[in-house]
Protein chains: 2
Amino acid sequence: MPHRVHIARELAEFFKLVAHPDRIRLIEELRTGECDVNTLAERLNLPPARLSQHLSLLRTARMVEERRCGRQHLYSLSQPQIAGWITDGLAFVEARAPAALAGELREVRELWS
Amino acid sequence: MPHRVHIARELAEFFKLVAHPDRIRLIEELRTGECDVNTLAERLNLPPARLSQHLSLLRTARMVEERRCGRQHLYSLSQPQIAGWITDGLAFVEARAPAALAGELREVRELWS
DNA sequence: CTCATATCTGCAAATATATGCAGATGTAAC
DNA sequence: GTTACATCTGCATATATTTGCAGATATGAG
């Protein structure tokens, strides 16, 4: 039992890290390879400082890796499969979502696969 | 782009729901079939009222289904595969976890499969 | 009807998370 | 060195989540 509790805590921390709309888009954006903070900020339409904070969290948890190149910091997923695992979650969202979402879901599924 | 934002929000809500140690254990406890609140409370070693609150959240999100039987409320997963999907997340936890966790992870993986 | 059991709900306090902004750092070009 | 740019960190505030507890409801037994 105590082991179950411990592992459940670890799992929950991991889920919490993913459970943010910005970070989900960020992870999906990185699925195609490394990218620098400014480009990410533009693509996701977020202030760079905010991106930096999200990246800092993911970095601490070693979900992303940082590589410096000149004055840019290039980030990439340390476990690229995670992007696919997240989109698998779409199936569960779909089941409880109103039919109105079906179109959006299809579109995003293509973009993120 | 707006679609991606929208879907990312939905996904994040779904992840948040799962991102709690009690609820993770609860979902894994339900993987073998329906169960009443009191039994769950004993097995997870949590006060029944707390279980009830978690179940109410999951019920609202239609992640669990409720069936009344006499004075008991029997709950079950509306998408049983979700339990397996969650344990798939263990792989990602494992990668960033200290080696000390390896034993616990193996044990829990067996229990929850 | 009354009682005991099972579960639910509402509320307030504690805690955690997210956000925006201002200033710090680090690097490259001049 | 100075400047411009890219990114990071710290802090205050706003917001959300969790938790415990007290009281409400609902069901079945007697």
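Within every chain, numbering begins at 1; the chains are lettered A, B, ... in the order of the sequence lines, protein sequences first and strands thereafter. Just so you know, these numbers come straight off a predicted model, no measurement behind them.
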Using whole Å, what does the distance between atom [atom2] of nucleotide [N] and atom [atom1] of [X] come to?
X       : N      : atom1 : atom2 : answer
A/Leu57 : D/dC8  : CG    : P     : 12 Å
B/Gln53 : D/dT18 : CD    : P     : 10 Å
B/His20 : C/dT17 : NE2   : C1'   : 14 Å
A/Asn38 : C/dT27 : CG    : P     : 17 Å
A/Leu55 : C/dT19 : CG    : C1'   : 16 Å
A/Arg67 : C/dG26 : CZ    : P     : 20 Å
B/Leu46 : D/dC21 : CG    : C1'   : 16 Å
B/Glu66 : D/dT27 : CD    : C1'   : 13 Å

**OP:** Give me the one residue out of B/Val93, B/Leu105, B/Leu111 that meets side chain to side chain contact (heavy atoms under 4.5 Å, CB included) with A/Ile7.
**Re:** B/Leu105
**OP:** Please report the C-alpha distance between A/Glu94 and A/Arg109 in whole Å, then the side-chain angles of each, then the deciding distance to 0.1 Å, and finally whether the salt bridge (charged side-chain N to carboxylate O under 4.0 Å, His left out) criterion is met.
**Re:** CA-CA 11 Å; A/Glu94 200 161 15; A/Arg109 209 190 285 278; 2.3 Å; yes
Please pick, from [options], the nucleotide with the shortest atom-to-atom distance to any side-chain atom of [X].
X       : options               : result
B/Asp36 : D/dT18, C/dT7, D/dA26 : C/dT7
A/Asp22 : C/dT19, C/dT9, D/dC8  : C/dT19
B/Tyr75 : C/dC8, C/dT19, D/dC8  : C/dC8
B/Lys16 : C/dT9, D/dT17, C/dT19 : D/dT17
A/Arg71 : D/dT7, C/dA29, D/dG20 : C/dA29

Does a side-chain N or O of [X] approach OP1 or OP2 of [N] to a distance below 4.0 Å, or not?
X       : N      : value
A/Arg68 : D/dT7  : no
A/Ser52 : D/dC8  : yes
B/Arg50 : D/dC21 : no

Can I get a per-line list of side-chain donor-acceptor pairs under 3.5 Å for residues 79-89 of chain B, giving both atom names and the distance, sequence neighbours left out?
from, atom 1, to, atom 2, distance (Å)
B/Gln79, NE2, A/Phe92, O, 3.4
B/Trp85, NE1, A/Trp85, O, 3.4
B/Thr87, OG1, B/Ala83, O, 3.3
B/Thr87, OG1, B/Gly84, O, 2.8

**OP:** Give me the one residue out of A/Arg59, A/Glu29, A/Arg67 that meets side-chain hydrogen bond (donor to acceptor under 3.5 Å, both in side chains) with A/Tyr75.
**Re:** A/Arg59
Subject >> Full working for side-chain contact (heavy atoms from CB on, under 4.5 Å) between B/Leu57 and B/Arg23 >> reply: CA-CA 10 Å; B/Leu57 273 178; B/Arg23 291 195 291 268; 3.4 Å; yes
